[in-house]
Undergrad: 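Once you've had a glance at the structure underneath, I'll fire off some questions.
Keep in mind that what you see is a predicted model, and the values were worked out from it rather than measured. Just so it is clear: chains get the letters A, B, ... in the order the sequence lines come, proteins before strands, and each one is counted from 1.
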Number of protein chains: 2
Amino acid sequence: MIINKIMAEKNKIDIFPSGSRLTNQRRIILDYLRGVYTHPTAEIIYKEVKKKLPQISFGTVYRNLSFLKEHDFILELKSADGCTHYDGDPSDHCHFVCMQCGRVYDLEDKRFKKRHTYCEKTAVGKICYCRTNYYGVCKNCKNN
Amino acid sequence: MIINKIMAEKNKIDIFPSGSRLTNQRRIILDYLRGVYTHPTAEIIYKEVKKKLPQISFGTVYRNLSFLKEHDFILELKSADGCTHYDGDPSDHCHFVCMQCGRVYDLEDKRFKKRHTYCEKTAVGKICYCRTNYYGVCKNCKNN
DNA sequence: TTAGATGCAAAGGGTTTGCAACGTC
DNA sequence: GACGTTGCAAACCCTTTGCATCTAA
């Protein structure tokens with residue numbers, strides 16, 4: 001499935017798994033996620049996509065998010081606000097989670113680049129990947 | 001609130017915030033969490049604590065977990081399995097999350113000690129703390 | 001043509017909450 | 001005695017699912 005990611009990045013095309021179909025709904029959800037720097041919840045995605053596809057349902061949004069995550073097109077982020085947030089950029093990077101509003105931001109700064117080794121064996125199991133979240137209060141909340 | 005943690009560690013006593021009360025339920029939930037190396041969900045905690053306090057309810061468990069987390073006696077961990085897991089050790093350490101069963105393990109190994117700086121300012125806000133999760137399949141699942 | 005995807009609505013499952021009774025300080 | 005806490009049950013909220021219909025390949 002990593003192939004998908006590499007192909008998408010190199011050729012600017014998306015290779016969906018054979019057997020699956022590229023519907024309007026799927027295309028628009030993925031495009032929306034790739035076009036925003038925020039990390040919206042399913043509800044926000046639903047509302048935004050509904051502007052282009054008024055008939056879309058929550059079930060379709062959730063099913064597509066699940067599909068896109070399963071095939072490494074997007075990232076699923078569990079936030080402390082109780083909602084799952086989604087990230088259109090599946091590449092390896094860190095996040096800043098606001099403890100007040102629950103918003104999730106990317107941390108582009110080199111200081112927060114990963115320094116972890118992958119596929120290491122540990123006492124409890126073999127590591128496939130890791131995720132680091134930085135917590136604090138975002139500027140938006142601080143100024144209110 | 002960090003004071004609580006320090007006091008607890010140095011003097012082996014718990015300083016609960018003034019105004020709050022140390023009930024049997026609260027004591028037993030905290031003791032249970034401190035006595036296990038697993039990172040149980042609210043449901044498991046409920047079932048275990050029920051053995052000592054057959055009358056306890058889910059509401060009480062959740063209210064106490066929320067209280068203990070709020071005052072830095074325990075850690076709340078959002079797992080990919082959809083359940084919140086709880087850690088009786090609020091000190092700074094990393095976790096291994098099993099992608100199959102959702103179980104959460106401590107990573108004691110020095111290789112996974114934190115190397116992050118705290119209270120750093122970033123473009124999106126000031127960092128208070130950070131958490132790193134390592135994902136993989138645990139030995140328990142691999143052998144089944 | 002046909003199996004995968006959608007829309008709708010109902011169900012699921014973890015967590016929170018209102019309220020009267022209880023128990024700690 | 002006052003007020004924080006409990007037990008119970010209902011409510012909440014996010015997410016999943018069954019089913020008939022639709023549609024991409």
Undergrad: Polar atom pairs between nucleotides 17-20 of chain C and protein, under 3.5 Å, N or O only, would you list them?
TA:
unit_1, atom_1, unit_2, atom_2, d
C/dG18, O6, B/R63, NH1, 3.3

Undergrad: Looking at side-chain heavy atoms only, is the closest gap between B/L65 and B/I45 below 4.5 Å?
TA: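 B/L65 vs B/I45: side chains touch.
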Undergrad: Tell me, yes or no, whether the heavy-atom count around A/K50 atom NZ, taken from other residues, nucleotides or ligands under 6.0 Å, exceeds 12.
TA: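 Yes - once you tally the heavy atoms of other residues, nucleotides and ligands closer than 6.0 Å, there are more than 12.
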Undergrad: Less than 3.5 Å apart, any donor N or O on the side chain of B/N133 or A/R131 sitting next to an acceptor on the other?
TA: no
Undergrad: Could you tell me whether the phosphate oxygens of C/dG23, OP1 or OP2, come under 4.0 Å of any side-chain nitrogen or oxygen in B/Q25?
TA: no
Undergrad: Distance check needed: D/dT5 P versus B/L53 CG, whole Å only.
TA: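 In whole Å, D/dT5 P and B/L53 CG are 16 Å from each other.
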Undergrad: Which protein N or O atoms sit under 3.5 Å from an N or O of nucleotides 22-25 of chain D?
TA:
unit_1, atom_1, unit_2, atom_2, d
D/dT23, O2, A/R21, NH1, 3.4
D/dA24, N3, A/R21, NH1, 3.1
D/dA25, OP1, A/L22, N, 3.4

Undergrad: Provide, to the nearest angstrom, the distance between the CZ atom belonging to B/R27 and the C1' atom belonging to D/dT5.
TA: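 It works out to 16 Å between those atoms.
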Undergrad: Would you mind reading off the distance between A/Y46 atom OH and D/dC14 atom P, rounded to a whole angstrom?
TA: 14 Å
Undergrad: Which atom pair, heavy atoms only, marks the closest approach of A/V137 to A/C98?
TA: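 Here A/V137 and A/C98 meet closest at CA-SG, 4.0 Å.
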Undergrad: Considering the terminal five base pairs at each end of the helix from C/dT1-D/dA25 to C/dC25-D/dG1, what angle separates the two local helix axes, rounded to 10°?
TA: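 Axis angle across the helix from C/dT1-D/dA25 to C/dC25-D/dG1, nearest 10°: 40°.
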Undergrad: Can you tell me how far CG of B/L53 sits from OH of B/Y32, rounded to the nearest 0.5 angstrom?
TA: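 Here the interatomic distance stands at 13.5 Å.
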Undergrad: What is the distance, to the nearest angstrom, from the CD atom on B/Q55 to the C1' atom on C/dG23?
TA: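 Result: 15 Å.
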Undergrad: Within this structure, what is the CZ-to-P distance between B/F16 and D/dT5, rounded to whole angstrom?
TA: 10 Å
Undergrad: Expressed in angstrom and rounded to an integer, what is the separation of B/D81 atom CG from C/dT15 atom P?
TA: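 Rounded to the whole Å, the gap is 9 Å.
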Undergrad: Hey, which of these two, B/S57 or B/G19, hits DNA chain D nearer its 5' end, going by closest nucleotide?
TA: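 Its nearest nucleotide lies further toward 5', so the answer is B/G19.
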Undergrad: I need the CG-P distance between A/N64 and C/dA5, as an integer number of Å.
TA: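 Those two atoms, CG and P, are 8 Å apart.
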Undergrad: How close or far is atom P of D/dT6 from atom NZ of B/K50, stated in whole angstroms?
TA: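 In whole Å, D/dT6 P lies 14 Å from B/K50 NZ.
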Undergrad: I'd like to know if the side chain of B/H85 reaches the main chain of B/H39, judged simply by a donor and an acceptor atom lying under 3.5 Å from each other, with no hydrogens or angles considered.
TA: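 The answer is yes, because a donor-acceptor pair under 3.5 Å joins these two groups.
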Undergrad: Within the structure provided, determine whether B/V104 and B/F96 are in side-chain contact (heavy-atom separation under 4.5 Å).
TA: no
Undergrad: Out of curiosity, B/S57 OG to B/R63 CZ, how far, rounded to the nearest 0.5 Å?
TA: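 B/S57 OG to B/R63 CZ: 6.5 Å, rounded to 0.5 Å.
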Undergrad: Identify which nucleotide among C/dG7, D/dT5, C/dT15 has an atom closest to any side-chain atom of B/F67, counting heavy atoms from C-beta outward.
TA: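 My answer, after comparing the listed nucleotides, is D/dT5.
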Undergrad: Is B/T84 touching bases, backbone alone, or none of the nucleic acid, heavy atoms closer than 4.0 Å?
TA: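 The residue B/T84 makes sugar-phosphate contact but no base contact.
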Undergrad: Going by the ring-ring contact (aromatic ring centres under 6.0 Å, His included) test, name the single residue among A/F67, A/Y86, A/F16 that passes it with A/F73.
TA: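 The single option meeting the ring-ring contact (aromatic ring centres under 6.0 Å, His included) with A/F73 is A/F16.
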